[in-house]
Amino acid sequence: MSFPLLTVTAALPAVGAILTAAVPAARRTAAKWLALLVSLATLVLAAIVAVRFEPGGARYQLTESHAWIKDFGVRYELGVDGIGVALIALTALLIPFIILAGWHDADSPAVSDSGSAADQSQRWRPTQGFFALILMVEAMVILSFEATDVFLFYILFEAMLIPMYFLIGGFGDRAHAGTDEHAAAQRSYAAVKFLLYNLVGGLIMLAAVIGLYVVAGNFSLTQIAEARANGSLEMATNTERLLFLGFFFAFAVKAPLWPLHTWLPNAMGEATAPVAVLITAVVDKVGTFAMLRFCLQLFPEASKWATPAIIVLALISIVYGALLAVGQRDIKRLVAYASISHFGFIIMGIFAMTSQGQSGATLYMVNHGISTAALMLVAGFLISRRGSRLIADYGGVQKVAPVLAGTFLIGGLATLSLPGLAPFVSEFLVLVGTFARYPVAGIVATFGIVLAALYTLVLYQRTMTGPVKEEVRRMPDLKARELVVVAPLIGLLLLLGVYPKPLTEIVDPAVRHTMSDVQQKDPRPEVEAAK
């Protein structure tokens, strides 16, 4: 038996989570270092997966397959294509920075004896639990990118909600405008809303998973896709469409896509900045990844049938998210609405049904994760210094903390997809791929770029420029630990902005397979014949 590299890559953070949670309460620092070392070891394993993956080889590589629940045909099946490799690398890369950025986020403040709800909520906030939950989320996300059994994927898709619920509700942002009791209530509301939205999506998906088993007789993605391709498995048109809608609804909630998006601003606003990054840069990518792996591969005809409606919803997400970002007064909610707009671009690229669009969408998942992590983590450092999330409470920061302001600017410019930074490449490919098949949609989507420039530059102007406000006059610049978090992310944005080839070489073969699944070819440009 070959070495189970994929299993070990996902199991290491899970084991690390258990060990971190078991560290004695008095050894808080030891728990932090253990979590960080486990995340770095997972990053090494993810790098080995990327190195061993052959872009020109089989579609799914490093495969593992073992019987699990024989009576129902459920197997423990793993395998990665280029898209999965890219997203595993993104997840493993971001987790160490998330842990470093949240180094002190779970340190319990002094608890009074007043017995208030806010004070009581602090009593179950051990540092060990915070970092153990982050590692557990990492394990589930990585395994979801590896799973090629539909039932196994569903279990992971739902299970990751539990640690995320506690990270949002139990370790919320302390920079909250209002009383401690109000802050605790808002955190609880955001956590419950996150859980309910995603549970509803998951329950609908469960019905579709059962329906797929009734039709296909097994849960194996590769077997079902192969049977569909060779004609040995046929689905009635209405059956395929219903199953597609069940899967897509759950993924659209996770992504999130308008109008199923409303949980995200609450969750990101009330969570700590590192957990907000975990939500939008890591966990939400499972939704868009699953659209490529499951919706298009299992239900190709239904995917084409639903494409016009999905393109419209994606366009609404792009413009709506950007417009609401322009009007935000809260820094973290602004980044949340900007992410909704960006996920609109990703979904539009997926369902443009062109190789440029799908390659751009996959690159967008990676680049959005890096750029959002850079912007949100720097914003978190800023908020922790001032103790406020409100844009109006800042001004003139660049004069007292120039490094913080500079990194904040680069993260913002990446968010608006400035040429030379990584998100530009992916956004350009998405727009080119969309223009090729849906030119009107491509034109409308460009308004999102204009609005992105507006909300990003206005945010920077109001927080970093102008007269120095008295409350920020003594604000310290970035410290060594914070620079270690931010500098590599900025470096990656610059590197992938000028040299995206390492990613495109891995992703493009997987995109060609997906295009073959839906039996689509890139439209040829119409050129007037020479006379």
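In what follows, every heavy atom counts, from backbone to side chain, and hydrogens, waters and symmetry copies are set aside.
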| field | Modelled atom types, side-chain donor and acceptor of Thr7 and Glu64, under 3.5 Å | value | yes
| Intermediate values then yes/no, side chain to side chain contact (heavy atoms under 4.5 Å, CB included), Val366 and Leu87 | CA-CA 7 Å; Val366 176; Leu87 293 176; 4.3 Å; yes
| query | Of the options Ile506, Ile88, Ile48, which is the one that meets Phe53 in a side-chain contact (heavy atoms from CB on, under 4.5 Å)? | reply | Ile506
| said: Would you compute the distance between atom CG of Leu495 and atom CG of Leu503 and round it to the nearest 0.5 angstrom? | reply: 9.5 Å
| CG on Leu489 to CG on Leu93, rounded to 0.5 Å | 7.0 Å
| request: Identify the heavy atoms of Ala250 and Met205 that sit nearest to each other, and give their distance. | output: CB-CB, 3.6 Å
| field | Partner set under side-chain hydrogen bond (donor to acceptor under 3.5 Å, both in side chains) for Tyr197, not counting sequence neighbours | value | Thr262
| field | Nearest heavy atoms of Ile83 and Ala510, plus distance in Å | value | CG1-CB, 3.8 Å
| Hey, mind stepping through Phe408 and Val397 against side chain to side chain contact (heavy atoms under 4.5 Å, CB included) and telling me if it holds? | CA-CA 11 Å; Phe408 189 82; Val397 174; over 6 Å; no
Please output the side-chain donor-acceptor pairs of residues 275-297 that fall under 3.5 Å, not counting sequence neighbours, one pair per line with the distance.
{"from": "Thr280", "atom 1": "OG1", "to": "Ser339", "atom 2": "OG", "distance (Å)": "3.3"}
{"from": "Lys285", "atom 1": "NZ", "to": "Thr280", "atom 2": "O", "distance (Å)": "2.8"}
{"from": "Lys285", "atom 1": "NZ", "to": "His368", "atom 2": "ND1", "distance (Å)": "2.9"}
{"from": "Thr288", "atom 1": "OG1", "to": "Lys285", "atom 2": "O", "distance (Å)": "3.2"}
{"from": "Arg293", "atom 1": "NH1", "to": "Phe145", "atom 2": "O", "distance (Å)": "3.2"}
{"from": "Arg293", "atom 1": "NH1", "to": "Ala147", "atom 2": "O", "distance (Å)": "3.0"}
{"from": "Arg293", "atom 1": "NH2", "to": "Asp81", "atom 2": "OD1", "distance (Å)": "3.4"}
{"from": "Gln297", "atom 1": "OE1", "to": "Arg59", "atom 2": "NH2", "distance (Å)": "3.4"}
{"from": "Gln297", "atom 1": "OE1", "to": "Tyr60", "atom 2": "OH", "distance (Å)": "2.9"}

| said: Could you tell me if the side chain of Leu221 sits less than 4.5 Å from the side chain of Phe153, heavy atoms only? | reply: no
| remark: With sequence neighbours left out, the residues meeting side-chain hydrogen bond (donor to acceptor under 3.5 Å, both in side chains) with Thr222 are Ser220
| task | To the nearest 0.5 Å, tell me how far Leu143 CG sits from Leu78 CG. | result | 5.5 Å
| Donor-acceptor contact below 3.5 Å, side chain Arg228 vs main chain Leu298 | yes
| Could you go step by step and tell me if Met160 and Lys254 meet the side chain to side chain contact (heavy atoms under 4.5 Å, CB included) rule? | CA-CA 11 Å; Met160 69 180 68; Lys254 183 84 78 179; 4.0 Å; yes
| field | Counterpart residues, side-chain hydrogen bond (donor to acceptor under 3.5 Å, both in side chains), relative to Asp149 (two or more places apart) | value | none
| request: Please list, chain by chain and in numerical order, all residues satisfying ring pair (Phe, Tyr, Trp, His ring centres under 6.0 Å) with Phe151, sequence neighbours excluded. | output: Phe219
Just distance, no hydrogens or angles: give the donor-acceptor pairs under 3.5 Å from side chains in residues 340-349, sequence neighbours left out.
{"from": "Ser341", "atom 1": "OG", "to": "Ile318", "atom 2": "O", "distance (Å)": "2.8"}
{"from": "His342", "atom 1": "ND1", "to": "Ala338", "atom 2": "O", "distance (Å)": "3.2"}
{"from": "His342", "atom 1": "NE2", "to": "Thr415", "atom 2": "O", "distance (Å)": "3.2"}

| request: Working to the nearest 0.5 Å, report the span between CE of Met268 and CG of Asp330. | output: 10.5 Å
| Is it the case that more than 12 heavy atoms not belonging to Phe428 sit under 6.0 Å from its CZ atom? | no
| Between Gly442 and Leu431, what is the shortest heavy-atom contact and its length? | O-CD2, 4.0 Å
| Would you call Phe424 and Asn367 a side-chain contact if the rule is heavy atoms closer than 4.5 Å? | no
| Knowing that exactly one of Leu421, Ile370, Val425 qualifies, which makes a side-chain contact (heavy atoms from CB on, under 4.5 Å) with Leu496? | Ile370
| request: With sequence neighbours left out, write down each residue that passes ring pair (Phe, Tyr, Trp, His ring centres under 6.0 Å) with Phe244, or none if nothing qualifies. | output: Phe248
| said: Testing the basics here: between Ala302 and Glu240, what is the closest heavy-atom pair and its distance to 0.1 Å? | reply: N-OE2, 3.1 Å
| task | Would you please name every residue forming a salt bridge (Lys or Arg N to Asp or Glu O under 4.0 Å) with Arg437, sequence neighbours left out? | result | none
| With sequence neighbours left out, what residues match Tyr394 under ring pair (Phe, Tyr, Trp, His ring centres under 6.0 Å)? | none
| said: With heavy-atom distances below 4.5 Å as the criterion, would you say the side chains of Thr239 and Leu243 are in contact? | reply: yes
| field | Minimum side-chain heavy-atom gap Phe435-Ile443 below 4.5 Å | value | yes
| note | Looking only at heavy atoms, the pair that brings Val215 and Leu233 closest together is O-CD1, 3.6 Å
| query | Is there a donor-acceptor pair closer than 3.5 Å between any side-chain N or O of Thr407 and the backbone N or O of Leu404? | reply | yes
| said: Test of understanding: with side-chain contact (heavy atoms from CB on, under 4.5 Å), list the residues that count as partners of Gln398, not counting sequence neighbours. | reply: Ala405, Tyr460, Met464, Thr465
| request: Taking side-chain hydrogen bond (donor to acceptor under 3.5 Å, both in side chains) as the test, write out the residues that go with Ser359, two or more places apart. | output: Asp508
| Ser317 to Leu257 - nearest heavy-atom pair and separation | OG-CD1, 3.4 Å
| request: Could you note down all residue pairs passing salt bridge (charged side-chain N to carboxylate O under 4.0 Å, His left out) where residues 301-327 supplies at least one of them, sequence neighbours left out? | output: Glu301-Lys304
| task | For the residue pair Tyr438 and Val444, establish whether any side-chain heavy-atom pair is separated by less than 4.5 Å. | result | no
| Do side-chain atoms of Arg389 reach the backbone of Gly269 as a donor and acceptor pair under 3.5 angstrom? | yes
| How many angstroms lie between OH in Tyr154 and CG in Leu156, if you round to the nearest 0.5 Å? | 11.5 Å
| Which value, rounded to the nearest 0.5 Å, describes the distance between Leu418 atom CG and Leu413 atom CG? | 5.5 Å
| Ile391 and Arg329, any side-chain heavy atoms less than 4.5 Å apart | no
| said: Donor-acceptor check, side chain of Gln358 to backbone of Ile350, threshold 3.5 angstrom: yes or no? | reply: yes
| Below 4.5 Å, heavy atoms only, C-beta onward: do Leu161 and Glu158 meet side chain to side chain? | yes
| If we only count heavy atoms from C-beta on, is the Phe247 to Val209 side-chain gap below 4.5 Å? | yes
| request: Assess whether side chain to side chain contact (heavy atoms under 4.5 Å, CB included) is satisfied between Leu382 and Ile331, documenting all intermediate values. | output: CA-CA 10 Å; Leu382 177 69; Ile331 296 174; 4.2 Å; yes
